[in-house]
There are 2 protein chains.
Amino acid sequence: MTKKSRNTPHSPQRREESLSRDRIIEASIALLDSSGESGLTFRTLSERLATGAGAIYWHVENKSDLLTAACDAIVARTMASCVAGATPQATIRTLALGMFDAIDAHPWVGSALTRVAGQLPMVRIVECLGQQVRALDVSDEDQWAAVSALLHYILGVAGQNAANTQFARTRGVDRADFLDAMATVWSQLDPNEYPFARSLAGQLRVHDDRVDFLAGIDLILSGIESSHGR
Amino acid sequence: MTKKSRNTPHSPQRREESLSRDRIIEASIALLDSSGESGLTFRTLSERLATGAGAIYWHVENKSDLLTAACDAIVARTMASCVAGATPQATIRTLALGMFDAIDAHPWVGSALTRVAGQLPMVRIVECLGQQVRALDVSDEDQWAAVSALLHYILGVAGQNAANTQFARTRGVDRADFLDAMATVWSQLDPNEYPFARSLAGQLRVHDDRVDFLAGIDLILSGIESSHGR
DNA sequence: ACCTGAACACCGTTCAAGT
DNA sequence: ACCTGAACACCGTTCAAGT
C-alpha cells in the first residue's frame with residue numbers, strides 16, 4: 001500500500017523485484033491478513049517472494065522481528081490517520097476507535113501487540129495517547145496512570161478480539177456464529193455458581209463490540225476527569 | 001499443590017502414579033513455571049510423567065486445551081482466595097491485585113489468558129467482577145461496560161507483564177535489567193517525534209508495576225462511580 | 001553484498017499395536 | 001479402557017556454497 005524505495009539506495013538498476021525489508025514486511029502482512037497468524041511461515045513467505053528461506057534472514061533478524069515490523073507498519077499507519085479532533089477527549093476516542101478498526105481488519109495485530117513489550121509499535125501508541133492526556137491538563141505525576149489505563153484497556157480488548165477471530169477461524173466458523181455459540185454456553189452455566197455471567201449471555205448475543213469498546217474508553221476518560229482536582 | 005483423586009473413580013487399586021488429567025495439568029504448571037511458555041512440550045511433559053506422548057492425548061484434547069486447563073487451575077485458585085472485602089471497591093481491588101500477583105508468579109498465565117476467549121478462566125473472572133459491580137449499584141445496562149472495562153484492563157496489563165518477563169527470559173537477563181534497558185532506549189528517542197514517551201523514560205526506571213496497576217483500577221472505579229447518576 | 005537450498009533440531013499430532 | 005512409541009508433516013534457523 002505504501003510506496004517504498006529508500007531501502008535499496010545502493011543498487012543503481014533498482015529492479016522492482018529485488019528483495020528488501022519492506023517488500024518482506026508487505027508480503028508478511030498480506031499473508032497474515034489472508035490466512036491468519038499461522039499463515040506466516042518462512043516457507044510460504046519465501047515461496048510468495050520467489051526466493052529461499054535464508055534470503056529473508058539477511059533482511060530480517062528472526063520471526064519475532066518480522067512480526068513486530070509487520071505490526072508496527074499497521075500501527076504507524078493507524079496513528080498517522082488519527083491526528084485532528086475537536087477536544088482531547090474526542091481525539092482519544094477516534095484514536096482508540098482507529099486501533100479497534102485496525103485490529104478488526106488485521107486480527108493478528110491484536111495478538112502481536114501483546115508480544116512487542118515496549119518496542120516501537122507500543123511507543124507510538126503511548127506517544128499519541130500521552131500528548132492528548134497532556135492536553136487534558138492532567139498533572140505530571142498522574143499522566144502515566146491515565147495513559148497506562150487507556151493503553152492497557154486498548155491492548156486488552158485487542159487481545160480478546162484477536163483471540164475471538166482466531167478461535168472462530170480455527171473452528172472454521174463465522175465470528176458471529178462463534179459468539180453465538182459462546183452465548184449459548186454461558187446461558188447454560190450453573191445459575192448458583194455463575195449468576196452474573198449467565199445473565200450476561202443474552203446481552204452477549206446482541207451487543208456491538210465497537211460500542212462496548214467505546215463505552216470503556218468513556219468510562220476511563222470520565223475517571224481521569226473526576227480525579228482531576230484530587 | 002491441590003490434592004486430587006476424583007478423576008479416577010473406576011480404578012479400585014488407585015495407584016498414586018497412574019496418569020490422570022489432573023496430574024498432567026499439575027505437571028504442565030510446574031513445567032511452565034520453571035521454564036516458561038516454551039518449556040511446555042509434549043515431549044518434555046511425557047518424559048516428566050514417565051509416559052508416551054500419545055498417552056497424554058487420551059486425557060487431553062490438544063495443546064490449546066492443556067494450556068487453557070493449566071491457566072484455569074491458576075485462575076480458579078486466585079478467584080477462590082479473593083472473597084471477602086469491606087466494600088465492593090475494596091473487593092475489586094484485592095481481586096485485581098490477586099490476578100496481578102498470580103500472573104507475576106506464573107507469567108505464562110498472562111499470555112494464556114489472551115488466548116482463551118470466553119472459556120472457563122474468563123468466565124470465572126467475569127463472574128467475580130460482575131458480582132462486585134452489581135453490589136456497586138450500577139444499573140443493569142451499565143454493568144457490562146463496567147465489568148468489561150475492568151476485565152480488559154486487567155487482561156491488558158497481564159499480557160504486557162507476560163511479554164516483559166518472556167522478553168527478558170529470551171534475552172537471558174533480569175526483568176529489572178530489561179526494563180532498565182527499555183528506559184534507556186526510550187530516553188534516546190527523538191524529542192521532536194516522541195516528546196511524551198521520552199519524558200516518561202525516567203519514570204519508567206523507578207516505577208512500581210503493582211502500584212501503577214492499582215492506580216489504573218482506581219481510575220476505572222472512579223469512572224464507574226461518576227457515571228452513576230447519568 | 002546478497003541469495004540459494006539442503007540440513008538440523010526441533011515441534012504437535014496420529015495411530016497401529018500392545019496390555 | 002488405557003498406554004506405547006515410532007512415524008508424519010510440519011516448523012524456525014543455520015550455513016556452506018554460490019553469484
Grab the CD1-P distance between Ile24(B) and dC3(D) for me, whole Å please. 8 Å
With a 4.5 Å limit on heavy-atom distance, are the side chains of Cys71(B) and Leu113(B) in contact? yes
Nucleotide dC3(D), atom C1' - distance to NE2 of His59(B) in whole Å: 8 Å
Salt bridge between Asp65(B) and Arg21(B), side-chain N to carboxylate O under 4.0 Å? yes
Between which residue ranges does DNA chain C form stems of three or more consecutive Watson-Crick or G-U wobble pairs, both distances under 3.5 Å? C:4-8 with D:12-16, C:12-16 with D:4-8
What pairs of nitrogen or oxygen atoms, one from the protein and one from nucleotides 12-15 of chain C, lie under 3.5 Å apart?
unit_1: dG12(C); atom_1: OP1; unit_2: Lys63(B); atom_2: NZ; d: 2.6
unit_1: dG12(C); atom_1: OP2; unit_2: Phe42(B); atom_2: N; d: 3.2
unit_1: dG12(C); atom_1: N7; unit_2: Arg43(B); atom_2: NH2; d: 2.6
unit_1: dG12(C); atom_1: O6; unit_2: Arg43(B); atom_2: NH2; d: 2.7
unit_1: dT13(C); atom_1: OP2; unit_2: Tyr57(B); atom_2: OH; d: 2.6
unit_1: dT13(C); atom_1: OP2; unit_2: Lys63(B); atom_2: N; d: 2.9
unit_1: dT13(C); atom_1: O5'; unit_2: Tyr57(B); atom_2: OH; d: 3.0

Which residues satisfy the side-chain hydrogen bond (donor to acceptor under 3.5 Å, both in side chains) test with Arg93(B), sequence neighbours excluded? Asp218(B)
Specify the separation, in whole Å, of atom CD of Glu47(A) and atom C1' of dC10(D). 14 Å
Please identify each residue that fulfils side-chain hydrogen bond (donor to acceptor under 3.5 Å, both in side chains) with Arg115(A), with sequence neighbours left out. Glu37(A)
Determine, stepwise, if the pair His59(A) / Asp22(A) fulfils side-chain contact (heavy atoms from CB on, under 4.5 Å). CA-CA 9 Å; His59(A) 299 274; Asp22(A) 283 334; over 6 Å; no
Comparing Gly52(B) with Ser38(A), nearest DNA chain D nucleotide closer to 5' gives the residue Gly52(B)
For Thr170(A), which residues count as a side-chain hydrogen bond (donor to acceptor under 3.5 Å, both in side chains) partner, sequence neighbours excluded? Gln166(A)
Integer-rounded Å distance: dT19(C) P and Leu19(B) CG: 19 Å
With rounding to the closest Å, how many angstrom separate the C1' atoms on dC10(D) and dA9(C)? 13 Å
Using a 4.5 Å cut-off on heavy atoms from C-beta on, say whether the side chain of Asn161(A) contacts that of Thr165(A). no
Do any pairs count as a salt bridge (Lys or Arg N to Asp or Glu O under 4.0 Å) and have a residue in residues 203-216 of chain B, sequence neighbours left out, and if so which ones? Asp101(B)-Arg210(B), Arg175(B)-Asp209(B), Asp180(B)-Arg205(B)
